[in-house]
Amino acid sequence: MSDPRIEGLLDGLNPAQREAVTWGDGPLLILAGAGSGKTRVLTHRIAWLIQTERARRDELLAITFTNKAASEMRSRAEMLLGHSARGMWVMTFHSACTRMLRAEATRLGYTRQFTIYDQADARRLVKHSLDAVDADPKRFSPAAVHSQISDAKNRLRNAAEYRSMVGSYFEQTVADAYEVYERELVRNNAMDFDDLLVRTVNLLELFPEVRERYQRVFRHILVDEYQDTNHAQYMLLRLLAGERRNIAVVGDDAQSIYGFRGADIRNILDFERDFKEAHIVRLEQNYRSTQTILSAANAVIAHNRDQMPKDLWTEVGEGDPIKVRVLADEHAEARYVLGEIERLVDEGVSRAEIAVFYRTNAQSRVLEDVLVRAEVPYQVIGGTKFYERAEIKDAMAYLTLLANPQDQVSFTRIANSPRRGIGQTSLSRVLAQAATLGQPVWEVAAGAERVPGLGKAAVTAFGRFMDVMGELRALASGGGPVAELLETTLRRSGYLDWLEAERTFEAQGRIENLEELVGVAREFDASAEQGGLDAFLEQVALVSDADARVDDQGLVTLMTLHNAKGLEYPIVFIIGCEEGIFPHSRSLDEGSLEEERRLCYVGITRAMRDLTFSYARRRSLFGVEHYGLRSRFLDELPVELVDAGDEFVAPAFGGAFAGRASAVSSGSSWAAASAGGSAAAAPSVSYRLGDDVLHAAFGEGVVTGVEPGGIVVVRFARDGSERKLLDSAPMERQ
DNA sequence: CGGCTACTATTTTTT
DNA sequence: ATAGTAGCCG
């Protein structure tokens, strides 16, 4: 190996990384702990395989879960190779499958233009299917049934196989609905997200010539985030790897947090069993966090039973202790975080270096309130997504119907949106007729006068609607810019007029969103490798906007712990660390505590140097006040790594808190007194840290410090100032 | 057919 | 608290 380019490729890699990059043929399992440079290893391995001529560019399949990961991998590989990665299959599972499926669609009874249904579309079709089998809507929610079906699909069980395994009456009905749902998807020339995987597996299993072709093409397969693969993805990989078994997977079982979506942690735990000759490389050196943070992460995850042994370490050094803070309620908690952010920013930290993680999206609200009031710039990642907004879905449904006239879900969505006098009854008649004749819904609607039972007004309404659609379709087939087609569609359909006529603040926002969508289309027209309506629809279907995160604009970042995976921030807050919130109560019911703990592990390992946990004694949930216990995860942190701060003030209502508080060490002399004394010996001061207070002159504030001699430090909401006051000041607790 | 009220559910979600 | 929806009434 004297080629200087290849030597250069290995420069700066540690021995384990180097081993992973240069492992030759056969299955390879890379156990990559958090922050151990797995993307680096993957991209270097891609470059190494190409430079050592083990594979040509177009003989590599590098699979990720997110578009962001795929584009990052692609561009980093390009940098290493010094040339474009065109022709290289670096993409998500779903894109790769879609690509294969489009090419072979007719073998499965689809056309190349098949529509990809997102969660919401799929759910509508499930609802339709439930109606079709006369399921009691009170007992069968589309969401629950869809999740059952999705589960079955992830396990590669079709409706017939699902039926053969049913036990309960519930499952019996699900089986009925599943059967209809399956049939309806084909009839609509549509696939849901799960189908993209399942159908590709079907394709490869049913057609040996297709399977062998792809097996020949892909000399080497690389898979990112292997711990998140489900059974269908596992089978897909097995089929593609074929006899050659040149499959390198990278993952960390400790970061498997998508079990609820069908990810099967056994895929990584059992890799050695499935690929007996597998070589294993462990990446345990962490380049991200302080040793304190890593030790905390190691200690927490050690409470899980099933896991692969690993021990993260770093050369970075000890770093600061992990802070744990208790506040009176979620508002005080938010103000505490705000206060810390302001303090840090004063010290010269960039807001972009700070992230706040929480378990559920709803928790961002309180935090946003205080950030807005304090005028701290921030961004929230996740939550309701751009492409999930009703107006965007409507606009996309118009375009989808133009491309796929069989798609009744899109048809149903827009038929009366804007209002054009097509009601539920008329719509059902048309859909029923389409089903009876086995014709595309478009055809039937275009000939509405031939639909039995349809009123005169309805026939006219359909006529007008389909005239416009026909016109738009002609425009669409011209192959012009998508942006133009979209604008014309919004105009001619009356959708924009409808919104404009509303003259509300909300409608204005919707119009702006649509303008943004036109902007997206314009950008697509200008830059897409492959243009056209079909390609645009596919991009929107498969490319979420989770990639909309910005790094360096001085914004504090707020997101769920799930969204935090793969990211890193110098300063991290994990809020809402209470039993029932995190770990979430549902996880306790469902016995998925270990997954919650892995989520905690993910959260901890995002932090580079500064990590703070917080929890509230009191929190209102769904409008009801609750008193929660601190999260068990906090008690799994080694005492010597924790700065328990003010925890000693906790014994407000007896046993539980007092017991825990005394178990936590702290440098404070008060803590020593509290721990040594009886639990009931609450401090005699009238204010405690985190208390919400109302001062006669300064207004609302939060207690940020309590000092001996009856001195209280209060940060006031009005101007963010922090003042030292005597506890006899004209002030009361709220 | 469309609008209104009443009820309900309310985790996480790469695609 | 709240948003989304189902069912009812004009």
Side-chain angles (χ1 to χ4, degrees), chain A residues 63-70 91-98 116-123 127 137-138 141-144 146-147 150 153-154 191-197 224-225 227-230 232-233 255-263 330 357-363 365-366 381-385 387-388 390 416 418-427 455 457-458 461 538-547 549 559-567 576 580-590 592 595-596 598-600 602-603 619-625:
Chain A
I63 295 213
T64 65
F65 278 84
T66 68
N67 294 294
K68 190 168 143 271
M91 53 182 87
T92 64
F93 270 102
H94 295 262
S95 320
C97 287
T98 302
I116 298 169
Y117 282 169
D118 70 7
Q119 215 71 27
D121 298 328
R123 200 151 286 177
K127 186 179 178 310
K138 291 232 163 59
S141 81
H146 181 229
S147 107
S150 177
K153 287 189 178 187
N154 288 158
M191 298 197 199
D192 63 20
F193 282 140
D194 302 317
D195 281 338
L196 295 177
L197 303 167
D224 192 16
E225 305 277 19
Q227 76 280 353
D228 290 335
T229 50
N230 61 35
Q233 286 159 331
Q255 293 186 65
S256 164
I257 55 175
Y258 284 106
F260 68 95
R261 294 174 89 252
E330 70 270 31
F357 304 150
Y358 35 78
R359 181 61 177 81
T360 67
N361 285 121
Q363 289 171 262
R365 274 249 297 255
V366 183
I381 307 302
T384 308
K385 302 208 176 59
Y387 289 106
E388 287 168 10
N416 204 32
R419 304 258 131 82
R420 50 170 74 90
I422 297 176
Q424 193 53 55
T425 322
S426 313
L427 186 59
E538 178 169 323
Q539 179 187 301
V540 172
L542 294 180
V543 177
S544 85
D545 53 346
D547 322 345
R549 195 175 52 89
M559 67 180 101
T560 61
L561 285 152
H562 282 88
N563 271 315
K565 196 169 74 156
L567 305 176
I581 302 285
F582 184 40
H584 196 276
S585 52
R586 289 273 276 264
S587 76
L588 301 172
D589 299 342
E590 288 166 18
S592 47
E595 183 153 306
E596 295 284 297
R598 291 193 291 269
L599 192 56
C600 186
V602 167
R619 176 182 301 272
S620 63
L621 279 175
F622 311 135
V624 186
E625 295 271 280

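This structure is a prediction, so every number in the text was calculated from the model and none was measured. In what follows, every chain begins at residue 1, and chains take the letters A, B, ... in the order their sequences are listed.
- The interatomic distance linking A:Asn563 (CG) with B:dT15 (P) rounds to 10 Å, in whole Å.
- Put simply, A:Ser95 has no side-chain N or O that comes within less than 4.0 Å of OP1 or OP2 on B:dT15.
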If you restrict it to nitrogen or oxygen atoms, what contacts under 3.5 Å exist between nucleotides 2-8 of chain C and the protein, and what is each distance?
residue : atom : partner  : partner atom : Å
C:dT2   : OP1  : A:Arg365 : NH2          : 3.3

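- Comparing A:Leu599 and A:Phe193 by the nucleotide of DNA chain B that holds the closest heavy atom to each, the one mapping nearer the 5' end is A:Leu599.
- OP1 or OP2 of B:dT12 sits under 4.0 Å from a side-chain N or O of A:Asn361.
- Here A:Gln424 lies in heavy-atom contact (under 4.0 Å) with sugar-phosphate atoms only.
- Between the P atom of B:dT15 and the CG atom of A:Asp192 lies a distance of 16 Å, rounded to the nearest Å.
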Just the atom pairs and distances: protein N or O near nucleotides 2-7 of chain B's N or O, under 3.5 Å.
residue : atom : partner  : partner atom : Å
B:dG2   : OP2  : A:Asn416 : ND2          : 3.1
B:dG3   : OP2  : A:Arg419 : NH1          : 3.1

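- For A:Gln119, the side-chain atoms get nearest to B:dT15 when compared with the rest of B:dT11, B:dT15, B:dC1.
- Stacking annotation: A:His584 is stacked on the base of B:dT11 (ring centroids less than 5.5 angstrom apart, interplanar angle below 30 degrees).
- A:Arg123 places no side-chain N or O within donor-acceptor distance of the main-chain N or O of A:Pro142, the cut-off being under 3.5 Å.
- Between the side chain of A:Asp589 and the main chain of A:Arg586, no donor-acceptor pair closer than 3.5 Å is present.
- Using a 4.0 Å cut-off, some side-chain N or O of A:Ser426 falls inside it from OP1 or OP2 of B:dC1.
- At the heavy-atom level, A:Glu590 lies under 4.0 Å from base atoms of the strands shown.
- Atoms CZ (A:Phe260) and P (B:dT15) sit 13 Å apart, rounded to a whole Å.
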Show the numbers, then the answer: is there a ring-ring contact (aromatic ring centres under 6.0 Å, His included) between A:His584 and A:Phe260?
-> CA-CA 13 Å; A:His584 196 276; A:Phe260 68 95; over 10 Å; no
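- Whole-Å rounding puts the A:Phe622 CZ to B:dA9 C1' distance at 8 Å.
- In this structure, A:Arg586 atom CZ and B:dT11 atom P are separated by 6 Å, rounded to whole Å.
- Distance alone, capped at 3.5 Å, is enough to place a donor-acceptor pair between the A:Asn67 side chain and the A:Leu542 backbone.
- Considering only side-chain N and O atoms, A:Thr560 lies under 4.0 angstrom from the phosphate OP1 or OP2 of B:dT13.
- Taking atom CD on A:Gln255 and atom C1' on B:dT12, their separation rounds to 16 Å, with Å as the unit.
- When rounded to the nearest whole Å, the span between NZ of A:Lys565 and P of B:dT12 equals 17 Å.
- Put simply, CG on A:Asp121 and CD1 on A:Ile116 are 11.0 Å apart, with the number rounded to the nearest 0.5 Å.
- Atom CG of A:Asn416 is separated from atom OG of A:Ser426 by 9.0 Å, given to the nearest 0.5 angstrom.
- At a threshold of 4.0 angstrom between heavy atoms, the contacts of A:Asp118 with the nucleic acid are absent.
- When all heavy atoms of A:Arg598 and A:Ile257 are compared, the pair lying nearest together is C-CG2, 4.0 Å.
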Carefully, step by step, assess A:Ser620 and A:Glu330 under the rule side chain to side chain donor-acceptor pair (under 3.5 Å).
-> CA-CA 8 Å; A:Ser620 63; A:Glu330 70 270 31; 3.1 Å; yes
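- Across all strands, A:Phe93 comes closer than 4.0 Å to no nucleic acid atom at all (heavy-atom distances).
- Atom CG in A:Asn67 sits about 17 Å away from atom P in B:dT13, given to the nearest Å.
- Listed by chain and number, the residues in a salt bridge (charged side-chain N to carboxylate O under 4.0 Å, His left out) with A:Arg619 are A:Glu333, A:Glu578 (sequence neighbours excluded).
- A:Ile581 and A:Gly576 make their closest contact through CG2-O, 3.3 Å (heavy atoms, listed as atom of the first residue, atom of the second, distance).
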